[in-house]
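Down below is the structure, laid out as structure tokens.
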Amino acid sequence: MPPSRRTVLAAGGLLAGGAAWTMTPSTSSAAVASPTDGWKKTAFTHSMQKPWNLDLSDRYSNSGGIHRMWVYSTDEPMSQSSSTDPRTEMRWKQEYTSGQHMWDADVYIPSGTNGATFVQILRVVHPAGTPATDFMLNAYSASGGTVKAYDSTVLKTNAYDTWFNVKLAHNASSGTVTVYFDDKPVLTAEDRGPATRHFKNGVYHHGSGRAEARFRDLTYWTR
């Protein structure tokens, strides 16, 4: 049986073989060009993943262009045969192995959400012995809402109940992921090596209680 994603999450800082995963928080306050300069908007499609025994409307709504997703820690996984944690997520259908790809959206995390992944780069096809994800952003309850890379590096506090923009720029050719909050770089990390990937966003809940995330102005950029 595959390990629980709580176990995978706790090992988020390791590559296959136990090597350290390199993350470099950005401390620069200098003015920079827009993260999307030189990129082009690209159409994307998605499917929805939710607890297998519930209707989509029980865990998802879309009103006024705001995608709202929520889930409970006691919910079922996405399929009866799955051992993964409960989720309500948009699974982007655009898969890639190389090139530069950026996920971009305004994000709102309601207070109380604790231990949920709200955006990730999933390695849907990857070599045996390598991790299932290249990157995850998770929300925790400390400090008025804390956003971390996996469950380690703190990237933002006081994140609850306010809109902020998030961009994940993945250069799959060079093997780096850059995170931007409100168009300012906050982290550069290595990915986990060659794979076929896609983006996901919503709530993939590794904690307890209720988790929710909202998204607007979802945009896919490539170059």
Side-chain angles (χ1 to χ4, degrees), residues 2-15 21 23 44-50 59-60 67 69-71 77-78 82-97 100-109 113-126 130-140 146-156 159 164-172 175-181 186-193 195-207 211-215 218-221:
S4 164
R5 289 300 292 270
R6 290 182 174 88
T7 302
V8 173
L9 181 67
L14 297 179
L15 293 165
W21 181 52
M23 295 192 293
F44 73 95
T45 55
H46 69 275
S47 58
M48 295 298 300
Q49 297 177 340
K50 47 82 177 176
R59 294 292 183 268
Y60 168 82
H67 300 269
M69 287 162 260
W70 64 98
V71 75
M78 61 182 289
S82 176
S83 62
T84 61
D85 292 330
R87 75 188 74 208
T88 305
E89 290 185 297
M90 300 171 68
R91 191 273 199 212
W92 291 36
K93 294 184 178 181
Q94 285 60 47
E95 299 179 355
Y96 61 92
T97 58
Q100 299 184 58
H101 306 261
M102 185 190 296
W103 181 94
D104 176 7
D106 292 339
V107 178
Y108 185 101
I109 302 170
T113 297
N114 185 41
T117 299
F118 62 89
V119 61
Q120 61 176 304
I121 302 173
L122 184 71
R123 295 159 56 85
V124 66
V125 180
H126 57 94
T130 65
T133 60
D134 278 313
F135 194 77
M136 286 177 156
L137 286 178
N138 299 327
Y140 297 93
T146 296
V147 176
K148 295 183 180 182
Y150 287 93
D151 61 352
S152 54
T153 304
V154 174
L155 301 180
K156 183 177 178 64
F164 60 102
N165 181 261
V166 178
K167 292 178 173 69
L168 295 187
H170 186 196
N171 187 329
T176 57
V177 178
T178 301
V179 184
Y180 300 87
F181 288 166
V186 295
L187 182 76
T188 297
E190 294 180 354
D191 67 21
R192 271 67 183 287
T196 300
R197 295 95 163 184
H198 62 78
F199 294 114
K200 300 184 77 178
N201 63 274
V203 277
Y204 181 25
H205 198 18
H206 321 287
E212 180 180 335
R214 304 171 193 174
F215 306 87
L218 282 157
T219 307
Y220 180 38
W221 302 86

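Keep in mind that what you see is a predicted model, and the values were worked out from it rather than measured.
- Here the closest non-hydrogen pair linking H67 and L218 is CD2-CD1, 3.7 Å.
- Here the closest heavy-atom approach between residue K167 and residue N165 is recorded as NZ-OD1, 2.7 Å.
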* To do: Report the C-alpha separation of M48 and Y60 in whole Å, then their side-chain angles, then the decisive distance to 0.1 Å, and conclude whether the side-chain contact (heavy atoms from CB on, under 4.5 Å) test is met.
  => CA-CA 9 Å; M48 295 298 300; Y60 168 82; 3.6 Å; yes
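- For the pair D104/Y180, no side-chain contact is recorded, criterion being any heavy-atom separation below 4.5 Å from C-beta on.
- Judged as a ring pair (Phe, Tyr, Trp, His ring centres under 6.0 Å), and not counting sequence neighbours, the contacts of F181 are F164.
- By the 4.0 Å N-to-carboxylate-O rule, R192 lies too far from D134 to be salt-bridged with it.
- Taking both residues in full, the closest heavy atoms of H126 and P131 are given as ND1-O, 3.5 Å, listed atom of the first, atom of the second, then distance.
- Contact detail for L122 and K200: the closest heavy-atom pair is CD2-CD, 4.0 Å.
- Here the CZ-CZ distance, from R123 to F135, works out to 14.0 Å after rounding to the nearest 0.5 Å.
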* Evaluation steps, side-chain contact (heavy atoms from CB on, under 4.5 Å), between F118 and T113 -> CA-CA 10 Å; F118 62 89; T113 297; over 6 Å; no
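- Each of R214, M90, Q49 was checked for a side-chain contact (heavy atoms from CB on, under 4.5 Å) with M69, and the lone residue meeting it is M90.
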* Could you check N201 against W92 for side-chain contact (heavy atoms from CB on, under 4.5 Å), going step by step and ending with a plain yes or no? => CA-CA 8 Å; N201 63 274; W92 291 36; 2.9 Å; yes
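- Ring-centre distance between Y96 and H170: below the 6.0 Å cut-off.
- Contact record, F215 with G202: CZ-N, 3.5 Å, taken as the closest heavy-atom pair.
- Taking every heavy atom of both residues into account, L187 and L155 meet most closely at CB-CD2, 4.0 Å.
- Rounding to the nearest 0.5 angstrom, the gap separating the CG atom in D85 from the CE atom in M78 is 12.5 Å.
- Rounded to the nearest 0.5 Å, atoms CZ (R91) and NE2 (H46) are 12.0 Å apart.
- Distance check: L137 CG to K148 NZ gives 12.5 Å after rounding to the nearest 0.5 Å.
- One distance of note links NE2 of H206 with CZ of R87; it measures 8.5 Å at 0.5 Å rounding.
- Under the 4.5 Å side-chain criterion, counting only non-hydrogen atoms from C-beta, Y204 is in contact with Q120.
- Between the side chain of Q94 and the backbone N or O of H198 there is no donor-acceptor pair closer than 3.5 Å.
- Here N171 contributes atom CG and Q100 contributes atom CD; the two are 4.0 Å apart, rounded to the nearest 0.5 Å.
- Counting heavy atoms from C-beta on, the side chains of V107 and V119 never come closer than 4.5 Å.
- The aromatic rings of H101 and Y220 lie parallel to each other, with less than 30° between the two planes, well short of the 60° mark.
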* Show your working on side-chain contact (heavy atoms from CB on, under 4.5 Å) between I121 and W103 and close with a plain yes or no. => CA-CA 9 Å; I121 302 173; W103 181 94; over 6 Å; no
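- For the pair E95/V124, a side-chain contact is recorded, criterion being any heavy-atom separation below 4.5 Å from C-beta on.
- Contact check for Y140 versus V154: no side-chain heavy atoms found under the 4.5 Å cut-off.
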